[in-house]
Amino acid sequence: MYCQKDVFYFGQFGVAEDCQGKGLGKLLYLEVEKYCRSENAISLALDTAETATDLINMYERWGFRIVEKTKWSSVSHYSVIMMKDLEPEL
């Protein structure tokens, strides 16, 4: 999934607990998306733990969809891979 041409990947970002709920994570994500669009990415991908339902719900609100479930050798849990198709920058 991550090796496909024109698919960009991001992961492991967060906001300090005392700063959460202020939209900072969304602003950070929008900068990632803006950069990917400027580089002509056609899709953006991420993965998270299958049990991280709050994160999965947030990513779905941001336009991502689950496309695959996997078990990385470096972790003990299953993860979902999510993708979002990007519209070209105008």
Side-chain angles (χ1 to χ4, degrees):
M1 189 67 53
Y2 294 140
C3 298
Q4 294 178 15
K5 185 178 189 261
D6 300 324
V7 174
F8 284 44
Y9 160 82
F10 79 98
Q12 298 300 328
F13 82 96
V15 174
E17 194 171 338
D18 60 331
C19 295
Q20 291 178 2
K22 300 175 183 174
L24 297 174
K26 179 71 180 258
L27 288 174
L28 179 59
Y29 163 72
L30 289 173
E31 286 301 312
V32 169
E33 187 175 304
K34 181 179 173 182
Y35 171 78
C36 293
R37 288 177 193 277
S38 75
E39 294 294 315
N40 299 313
I42 59 169
S43 297
L44 186 53
L46 63 90
D47 64 79
T48 192
E50 181 180 44
T51 57
T53 55
D54 288 345
L55 285 176
I56 292 169
N57 291 334
M58 179 184 73
Y59 293 134
E60 287 177 334
R61 287 192 306 274
W62 292 358
F64 286 85
R65 69 192 184 289
I66 296 172
V67 295
E68 191 175 324
K69 181 174 147 180
T70 191
K71 172 76 173 65
W72 305 115
S73 60
S74 59
V75 295
S76 61
H77 59 267
Y78 280 89
S79 296
V80 292
I81 297 175
M82 302 180 79
M83 290 191 75
K84 177 181 181 176
D85 294 330
L86 300 177
E87 299 292 326
E89 227 179 13
L90 300 176

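FYI, side chains are in, hydrogens and waters are out, and symmetry mates aren't considered; it's all heavy atoms of this structure.
The distance from the CG atom of Leu44 to the OH atom of Tyr35 is 12.0 Å, given to the nearest 0.5 Å. Between the CE atom in Met58 and the CG atom in Asp54 there is a gap of 9.0 Å [rounded to 0.5 Å]. Distance check: Asn40 CG to Phe8 CZ gives 8.0 Å after rounding to the nearest 0.5 Å. Between the CZ atom of Arg37 and the CD atom of Glu87 there is a distance of 7.0 Å, given to the nearest 0.5 Å. Atom CH2 in Trp62 sits 9.5 Å away from atom CG in Leu46 (nearest 0.5 Å).
Side-chain contact between Glu60 and Met82 is present, with heavy atoms from C-beta onward closer than 4.5 Å. Annotation: side chain of Ile56 is in contact with side chain of Val80 (closest heavy-atom distance under 4.5 Å). Counting heavy atoms from C-beta on, the side chains of Ile66 and Tyr59 never come closer than 4.5 Å. Here the side chains of Ile42 and Asp85 are not in contact, with every heavy-atom distance at 4.5 Å or above. For the pair His77 and Thr51, the minimum side-chain heavy-atom distance is 4.5 Å or more.
When the side chains of ILVMFWY residues are joined at heavy-atom separations under 4.5 Å, either directly or via intervening members, Val15 and Val32 end up in two distinct hydrophobic clusters. Tracing side-chain contacts under 4.5 Å through hydrophobic residues (I, L, V, M, F, W, Y), one reaches Leu30 starting from Leu55; they form part of the same cluster.
Side-chain atoms of Tyr29 and Glu33 form a donor-acceptor pair, as typed in the model, at a separation below 3.5 Å.
Ring geometry for Phe10 versus Phe13: interplanar angle of 30 to 60°, hence tilted.
Nearest approach of Gly63 to Lys84, heavy atoms of both residues: O-CG, 3.6 Å. Heavy-atom minimum distance, Cys36 versus Leu86: CB-CD1, 3.9 Å.
Counted within 6.0 Å of CD on Gln12, heavy atoms from surrounding residues, nucleotides or ligands total 12 or fewer; the atom is thus considered open.
Sorted by first then second residue, the salt bridge (charged side-chain N to carboxylate O under 4.0 Å, His left out) pairs that include residues 69-80, not counting sequence neighbours, are Glu50-Lys69.
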